[in-house]
Amino acid sequence: MADAVLSRRQILRTGALGGAALFLGVNLRSADVALAAPGDNATFKPDAFIRIASDGRATLIMPQTEMGQGIYTGLAMLIAEELDLPLDGVVLEAAPASDKLYGNPIFKVQATGGSTSMMGYWMPMRKVGASARAMLVAAAARRWRVDPQSCRTEAGAVLHDPSGRSLTYGALAGAAMRETPPTEPVLKDPSKFRLIGHSHRRLDTPEKTNGRARYGIDAMPAGVRFATLASPPVYGGKVLAIDDSQAKSLPGVRQIIVLDDLVAVVGDTSWAAMRGLAAIDIRWDDGAFANVSTETLYNDLEQAGRSEGAIVVDTGARDSLIGDGVISARYELPLLAHAPMEPMNCTVHITPGHCEVWVGTQVMTMTQRAAAEEAGLTPEQVTVHNHLIGGGFGRRLEVDGIRKAVRIARLVDGPVKVVWTREEDIGKAPYRSVYGAWMKAKLENGKPVAWSHKAVGPTVVGRWLPPAFNGKIDNDAVDGAAETPYDFPSSFVTWVRHEPRGVQTAFWRGVGPNLNIFATESFVDRVAHEAKQDPLAFRRVLIGKHPRARAVLDIATEKAGWGGALPPRSGRGISLQFAFGTYLCTVAEVIVADDGAVSVTRMTTAVDCGTPVNPDGIISQIQGGLVFGLSAALHGRITLVAGRVQQSNFHDYRVMRMDEMPRIEVHVVRNAEAPGGIGEPGTVSVQGAVCNAIYAATGVQLMRMPIDQALIAKDLQA
Amino acid sequence: MVSMRVNDEMTEVAVDADTPLLWVLRDLLGMTGTKFGCGIAQCGACTVHLDGVAVRSCRLPVGEVGDRAVRTIEGVGSTPVGARVQQAWLDLDVIQCGYCQSGQIMAAAALLAANPEPDDADIDAAMAGNICRCGTYVRIRDGIKRAAQHG
């Protein structure tokens with residue numbers, strides 16, 4: 001049953017991302033294989049992901065970027081489970097750029113995003129481990145002249161119990177290379193899992209507690225100089241003229257670079273560069289978007305919402321949604337910055353015929369290609385060293401910073417590290433777009449008989465991975481709308497493509513579902529209110545074919561004490577979702593002050609992401625995802641005046657801090673379904689849950705994020 | 001030329017005395033564990049200890065360090081409190097991306113050194129200046145309490 005649900009989901013995604021089969025065939029023979037020399041110093045390299053040296057030291061190559069989500073640990077667990085390899089002491093290495101060897105099975109390019117890693121690599125990585133294990137067993141059996149079936153593996157060694165013999169993987173490294181990988185490796189029965197399903201400490205934590213972890217911003221190639229840059233304050237602007245007379249004489253300033261759309265200063269330290277740049281008077285040509293404001297964007301959005309749009313689902317709701325008794329509402333999301341803690345940066349060294357790049361990126365091969373284009377080289381002439389990422393959230397799916405750094409580096413003699421100031425990071429970035437959802441429903445006898453959802457927004461996929469967009473419907477943009485946990489007797493779901501003016505749009509943690517789940521769950525509460533029903537009871541009746549959705553709804557509401565007494569002007573709100581292949585329900589509890597100030601006091605989440613590979617890692621991702629969503633719901637807002645972003649740093653682009661934290665409880669459902677995504681679902685659930693809690697506490701339903709204290713106060717007085 | 005004591009060792013750097021300590025550590029001494037986050041003392045990623053007190057190194061001119069002992073994430077493990085905080089962070093798997101965690105650990109160690117048994121309000125007050133975009137606050141709080149218990 002649930003398998004069918006997931007496959008349907010996978011088909012959706014696959015459809016969205018190019019139409020090819022979901023899983024790439026795992027490349028079990030890397031180009032290096034032929035070079036592996038047997039002997040004492042042999043290295044077992046059965047594929048592009050595993051190296052075991054003759055001393056037993058194991059290195060696992062990580063095709064996905066570690067940006068905090070714990071994927072290094074998760075993927076290593078999959079390989080190690082099937083290979084019976086101890087994880088202690090395993091070395092994890094970031095993969096080099098290669099779509100062929102390291103392309104994400106879902107995207108087909110080497111990209112980390114969309115909560116796809118565990119969905120995509122669940123089978124391929126296990127097969128990698130199982131194949132390697134089979135080769136090691138075959139090598140041992142050949143040496144002992146015994147039947148491979150009589151051997152077993154444990155903790156990095158092959159054992160032959162009848163004769164009491166054993167050989168470590170290291171000792172078998174050379175011989176195993178001569179074995180043929182099995183065409184259909186035998187996977188472990190899940191009941192035999194030692195690692196999968198058991199919480200394992202993250203493998204990347206020790207270096208992150210003592211300052212030794214290296215992020216892109218920590219790259220220090222010999223002789224590196226430090227640079228910072230200023231991009232146009234208005235999207236698409238150009239440099240008109242600069243006055244650098246003061247900057248030139250500041251200590252530590254080495255070079256001032258003026259390109260058509262940016263100014264950069266190179267210095268002995270990043271500080272010297274930043275101080276130098278601040279001393280330059282830059283006059284900009286603002287270009288076409290100098291009259292764009294936040295109001296312009298919302299007006300444009302409203303206009304776009306009048307269009308019919310492309311039909312995504314039509315099961316006959318249209319005729320029922322006309323005339324009396326139709327409930328309608330519109331929900332909107334603002335522009336947002338990503339503001340990862342590691343500011344954008346990229347270190348580049350260009351020498352004749354070669355470009356070397358040090359960066360933390362979610363997109364290795366796109367980075368390589370972008371650098372090649374800007375350097376006037378071929379991708380093969382570009383070496384990219386990927387690093388740990390100090391927060392991605394979608395920002396490092398973009399290569400704008402790499403392009404700028406390479407353009408600067410072309411003019412610098414020696415390696416140069418370009419670090420953006422936080423002001424550039426927040427004020428001159430690709431943003432999460434404004435979005436709108438137009439909702440309608442018809443109630444009969446207390447039940448919704450017809451439901452419509454029109455999602456309006458840009459296609460980021462269409463720009464970022466053009467083959468994945470069919471030109472009609474962006475499946476990410478309607479994710480969470482096209483398929484809900486609810487069985488509405490009739491539905492009508494449409495999508496209007498609308499590209500906002502004057503901003504570059506980007507993916508942002510939670511992507512399409514951030515709009516669609518917020519709108520759906522808010523509107524479900526609104527309709528329940530009109531039907532004079534309890535939001536939990538109302539949802540229970542609507543859930544038909546999704547027992548896993550019902551289960552997370554029941555767990556979260558029970559653990560949250562749904563229906564229990566609360567202090568005055570407090571409320572609980574539900575948000576239930578099926579997105580990223582994962583079922584999740586969050587119950588938020590809020591208290592609203594007389595002045596409209598909202599305190600979120602408690603968040604209770606139940607999540608079913610199929611087989612929980614690393615349960616504590618899942619809890620971590622939900623805890624963090626909720627906080628990310630709370631930042632957006634409570635504070636997140638990028639505004640434009642005269643084409644210029646009004647926010648610049650953490651004082652005016654507020655994010656959650658320790659003293660605002662609610663109590664958070666996460667309950668992980670255990671089952672044997674294939675894994676769903678976990679990086680984004682928590683974030684997606686927050687806006688709906690918190691707004692529904694405010695609705696319950698005050699009777700005020702918020703239609704636009706972030707939460708508007710003044711609006712609540714006004715409505716409370718009215 | 002500026003001389004100062006960093007992690008129990010004297011060091012001399014040829015640099016303009018206005019340069020914030022953060023950039024001296026990172027760019028000139030190659031001690032990249034201390035992180036740049038905002039440049040205006042709003043996020044805490046650059047937190048180091050000056051005579052055991054948590055300070056934001058992005059706004060501290062290196063010329064003002066003087067005789068005070070600088071301790072960074074690279075050296076905090078040699079203090080008993082710092083080692084306990086690091087261990088608690090490992091035990092509870094506090095960290096996600098980790099970029100802010102040097103600052104979080106330095107702030108937590110300074111808190112515990114001054115107040116061995118902080119309550120939630122103390123933790124809020126001491127830690128609210130340190131942003132974590134991954135949202136590890138639940139575990140940071142638990143980690144501080146764990147490190148306090150093991151003191």
Side-chain angles (χ1 to χ4, degrees), chain A residues 66-70 201-202 204-215 217-218 220 226 251-252 268-272 274-275 339-343 388-393 419 421-423 616-617 620-621 623-628 630-631 649-651 655-661 664, chain B residues 15-16 18-20 22-24 26-28 30-40 42-43 45 58 72-77 85-87 89-91 93-103 105 121 123-141:
Chain A
E66 177 58 62
M67 46 192 176
Q69 81 279 41
R201 275 192 203 168
R202 293 178 62 120
D204 56 339
T205 300
E207 294 203 322
K208 290 177 175 179
T209 64
N210 59 25
R212 279 204 285 271
R214 289 283 176 272
Y215 301 82
I217 203 169
D218 301 326
M220 290 290 257
F226 306 90
D268 290 341
T269 63
S270 303
W271 165 252
M274 287 172 188
R275 186 165 59 173
M341 290 315 296
E342 180 189 4
L388 295 172
I389 288 186
F393 316 124
V419 175
T421 61
R422 180 60 66 188
E423 288 75 12
D616 190 53
S620 233
Q621 281 305 291
Q623 289 171 336
L626 292 174
V627 176
F628 205 79
L630 282 168
S631 287
N649 207 317
F650 289 118
H651 64 291
V655 297
M656 284 287 286
R657 292 174 181 270
M658 177 69 91
D659 56 350
E660 297 175 282
M661 279 293 290
I664 290 179
Chain B
V15 66
D16 175 10
D18 290 348
T19 307
L22 169 68
W23 299 112
V24 176
R26 288 183 55 81
D27 293 354
L28 300 178
M31 298 171 69
T32 54
T34 303
K35 300 304 190 206
F36 168 53
C38 69
I40 58 168
Q42 284 286 309
C43 81
C58 74
T72 70
I73 187 68
E74 287 91 349
V76 78
V85 172
Q86 287 173 324
Q87 189 56 49
W89 256 234
L90 290 169
D91 292 345
D93 246 346
V94 168
I95 295 177
Q96 292 186 29
C97 91
Y99 190 82
C100 74
Q101 297 291 348
S102 296
I105 288 169
I123 293 172
D124 283 347
M127 303 302 293
N130 288 74
I131 294 173
C132 173
R133 283 291 273 160
C134 297
T136 62
Y137 299 123
V138 170
R139 293 178 190 227
I140 289 173
R141 186 187 301 279

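If you measure heavy-atom distances from B:Thr136 to chain A, you find no contacts under 4.5 Å at all. Residue contact with chain B, scored on non-hydrogen atoms closer than 4.5 Å, is absent for A:Arg212. Contact of B:Asp91 with chain A is made through backbone and side chain together, with heavy-atom distances under 4.5 Å. Contacts between A:Pro206 and chain B at a heavy-atom distance below 4.5 Å involve backbone atoms as well as side-chain atoms. For chain B, the nearby part of A:Met67 is the backbone; its heavy atoms alone come within less than 4.5 Å. Residue B:Ile105 touches chain A through its side chain alone, counting heavy-atom pairs closer than 4.5 Å. Contacts of A:Ala272 with chain B are absent, with no heavy-atom separation under 4.5 Å from either backbone or side chain. With a 4.5 Å cut-off on non-hydrogen atoms, A:Glu423 touches chain B through its side chain but not through its backbone. Heavy atoms of A:Thr205 lying under 4.5 Å from chain B belong to its backbone as well as its side chain. Heavy atoms closer than 4.5 Å to chain B are found nowhere in A:Leu388, neither backbone nor side chain. For A:Met656, the parts lying under 4.5 angstrom from a heavy atom of chain B are both the backbone and the side chain.
Most heavy-atom pairs under 4.5 Å with chain B, from the set A:Thr269, A:Thr421, A:Ile664: that is A:Thr269. Ranking A:Gln69, A:Glu207, A:Gln621 against chain B, the residue ahead of the rest is A:Gln621, based on heavy-atom pairs under 4.5 Å. In terms of heavy-atom pairs under 4.5 Å with chain A, the best-connected choice from B:Thr72, B:Ile73, B:Asp93 is B:Asp93. If you tally non-hydrogen atom pairs under 4.5 Å between each of B:Cys97, B:Gly135, B:Gly98 and chain A, the highest count goes to B:Cys97. Residue with the most contacts toward chain A among B:Arg26, B:Arg141, B:Met127, B:Met31: B:Arg26 (heavy-atom pairs, distance under 4.5 Å). Interface remark: of the candidates A:Gly252, A:Pro340, A:Ala339, A:Pro251, A:Ala339 forms the most heavy-atom pairs closer than 4.5 Å to chain B. Annotation: maximal heavy-atom pairing with chain A below 4.5 Å, among B:Ile123, B:Ile40, B:Val76, occurs at B:Ile40.
Using a 4.5 Å heavy-atom cutoff, the side chains of B:Lys35 and A:Glu342 are not in contact.
Between B:Tyr99 and A:Tyr215, the ring planes lie perpendicular to each other; the angle is over 60°, past the 30° to 60° tilted range.
Comment: A:Arg275 engages B:Asp18 in a salt bridge, judged by a side-chain N to carboxylate O separation of less than 4.0 angstrom. A:Arg657 and A:Asp659 are not joined by a salt bridge, as no carboxylate oxygen comes within less than 4.0 angstrom of a charged side-chain nitrogen. Note on A:Glu66 versus A:Arg202: salt bridge recorded, some NZ/NE/NH1/NH2 to OD/OE distance being below 4.0 Å. The pair A:Arg201-A:Asp616 fails the salt-bridge criterion, with no side-chain N (NZ, NE, NH1 or NH2) lying under 4.0 Å from an Asp/Glu carboxylate O.
Separation of atoms SG (B:Cys43) and CG (A:Asn649) is listed at 8.0 Å; rounding is to 0.5 Å. Rounding to the nearest 0.5 Å places CE of A:Met341 at 7.0 Å from SG of B:Cys38. The CG atom of A:Asn210 lies 12.5 Å from the CD atom of B:Gln101; values are rounded to the nearest 0.5 Å.
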B:Thr34 and B:Ser102: side-chain contact (heavy atoms from CB on, under 4.5 Å), yes or no, with the steps? CA-CA 6 Å; B:Thr34 303; B:Ser102 296; 5.8 Å; no
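In this structure, A:Phe226 has its ring center no closer than 6.0 Å to that of B:Trp23.
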